[in-house]
Amino acid sequence: MSATADHAEERTNPAARLGFEPGQVVQEIGYDDDVEQELREDIEAVIGQELVDEDYDDVADVVVLWFRDEDGDLTDALVDAIGLIEEGGQIWLMTPKTGRDGYVEPSDINEAAQTAGLSQTRSINAGKDWVGSRLVSPKAGKPKR
């Protein structure tokens, strides 16, 4: 693929804009029939393989966590997700948009992330019904020299 084609894909493929890269292992948690199928397909196209599910028994580069208000305790879900990623990995927390069933307040996301030891670095429109929050461990920053 040419450099121009690469840049065109970044503009049209949401997964490329989210920073997914070829060869990454992406574990998906909380899948149900309400998730954004197009985003899932875009992620698979970028990474060049299928998403792994909750039964995957190794560490992943990225966790995509689909979470709805009725899914339980968000802090617990984030702590569990941290244990599934490589050091320096990231979590994309996908929650329903305002006014949708299962909506999670941004303040609840921020509080749960901080309690779990994560920092929210950005939020994105992840499709018609979902918003994504990129969460990373503060120690996942630049290596000290």
Side-chain angles (χ1 to χ4, degrees), residues 1 4-142:
M1 193 181 315
T4 306
D6 286 341
H7 292 297
E9 180 180 5
E10 283 180 21
R11 285 193 304 273
T12 59
N13 185 331
R17 286 196 324 264
L18 298 180
F20 290 97
E21 298 175 5
Q24 282 184 319
V25 174
V26 178
Q27 186 167 14
E28 181 179 45
I29 309 285
Y31 174 85
D32 205 340
D33 59 3
D34 65 342
V35 303
E36 200 67 44
Q37 292 296 332
E38 187 174 328
L39 178 61
R40 295 180 75 251
E41 292 166 7
D42 290 344
I43 293 170
E44 289 177 341
V46 169
I47 65 174
Q49 59 192 345
E50 291 184 4
L51 301 174
V52 297
D53 65 15
E54 297 175 8
D55 296 329
Y56 183 69
D57 62 357
D58 203 351
V59 291
D61 299 302
V62 181
V63 166
V64 174
L65 173 60
W66 301 97
F67 191 87
R68 302 141 200 93
D69 186 51
E70 63 273 5
D71 287 346
D73 186 82
L74 179 55
T75 302
D76 289 346
L78 291 174
V79 169
D80 291 346
I82 291 168
L84 302 173
I85 55 174
E86 287 276 355
E87 185 174 331
Q90 61 186 335
I91 298 168
W92 273 103
L93 173 63
M94 303 296 177
T95 55
K97 288 183 176 178
T98 305
R100 307 299 200 281
D101 286 343
Y103 170 71
V104 180
E105 290 285 342
S107 59
D108 293 343
I109 294 170
N110 188 44
E111 181 180 329
Q114 287 183 2
T115 302
L118 298 167
S119 298
Q120 184 173 343
T121 61
R122 68 189 258 214
S123 294
I124 54 96
N125 177 2
K128 183 176 75 108
D129 295 321
W130 294 84
V131 64
S133 301
R134 182 177 179 264
L135 306 174
V136 297
S137 172
K139 62 182 173 250
K142 295 181 181 176

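Only heavy atoms go into these numbers, but all of them, side chains included; no hydrogens, no water, no symmetry mates.
- Between the CG atom of L18 and the CD atom of Q90 there is a distance of 8.5 Å, given to the nearest 0.5 Å.
- With values rounded to the nearest 0.5 angstrom, D80 atom CG is found 8.5 Å from I29 atom CD1.
- Qualifying side-chain hydrogen bond (donor to acceptor under 3.5 Å, both in side chains) partners for R122, counting only residues two or more places apart in sequence or in other chains: none.
- Considering all non-hydrogen atoms of both residues, S123 and S133 come closest at OG-OG, 3.7 Å.
- By the salt bridge (Lys or Arg N to Asp or Glu O under 4.0 Å) test, E36 pairs with no residue at all, sequence neighbours left out.
- At a threshold of 4.5 Å between non-hydrogen side-chain atoms, the residues V35 and M94 do not count as touching.
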- request: Evaluate salt bridge (Lys or Arg N to Asp or Glu O under 4.0 Å) for D34 paired with R68, printing each intermediate quantity in order.
  value: CA-CA 10 Å; D34 65 342; R68 302 141 200 93; 2.8 Å; yes
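- Among pairs with a residue in residues 24-61, none fulfils ring-ring contact (aromatic ring centres under 6.0 Å, His included), at least two apart in sequence or across chains.
- The distance from atom CD1 of I109 to atom CG of L78, rounded to the nearest 0.5 Å, is 9.0 Å.
- Contact record, I85 with V59: C-CB, 4.2 Å, taken as the closest heavy-atom pair.
- Judged as a side chain to side chain contact (heavy atoms under 4.5 Å, CB included), and not counting sequence neighbours, the contacts of Q114 are N110.
- The backbone N or O of E44 lies less than 3.5 Å from no partner atom in the side chain of E50, so there is not a single donor-acceptor pair.
- The heavy-atom pair separating V131 from K97 by the smallest distance is N-CG, 4.1 Å.
- Proximity of V64 to L51: side-chain heavy atoms (C-beta onward) are nowhere separated by under 4.5 Å.
- Rounded to the nearest 0.5 angstrom, D76 CG and D71 CG are separated by 12.5 Å.
- Heavy atoms only, all atoms of each residue included: A15 and L39 are closest at N-CD1, 4.3 Å.
- Between D58 atom CG and L84 atom CG the span is 10.5 Å, to the nearest 0.5 Å.
- Counting only distance, with no hydrogens or angles, the side chain of Q120 and the backbone of L135 share no donor-acceptor pair below 3.5 Å.
- For Q49, the side chain to side chain contact (heavy atoms under 4.5 Å, CB included) partners are V25, I47, not counting sequence neighbours.
- Counting only distance, with no hydrogens or angles, the side chain of D73 and the backbone of T75 share a donor-acceptor pair below 3.5 Å.
- Of all heavy-atom pairs spanning D108 and L74, the tightest one is O-CD2, 4.1 Å.
- Here the side chain of R100 pairs no donor or acceptor atom with the backbone of T95 at under 3.5 angstrom.
- Note that the CD1 atom of I43 and the CD atom of Q24 stand 10.0 Å from one another [nearest 0.5 Å].
- Residue pairs meeting the ring-ring contact (aromatic ring centres under 6.0 Å, His included) criterion with at least one member in residues 98-132, sequence neighbours excluded, are W66-W130.
- Scanning all heavy atoms of the two residues, the minimum distance from G102 to E70 falls at CA-OE1, 3.3 Å.
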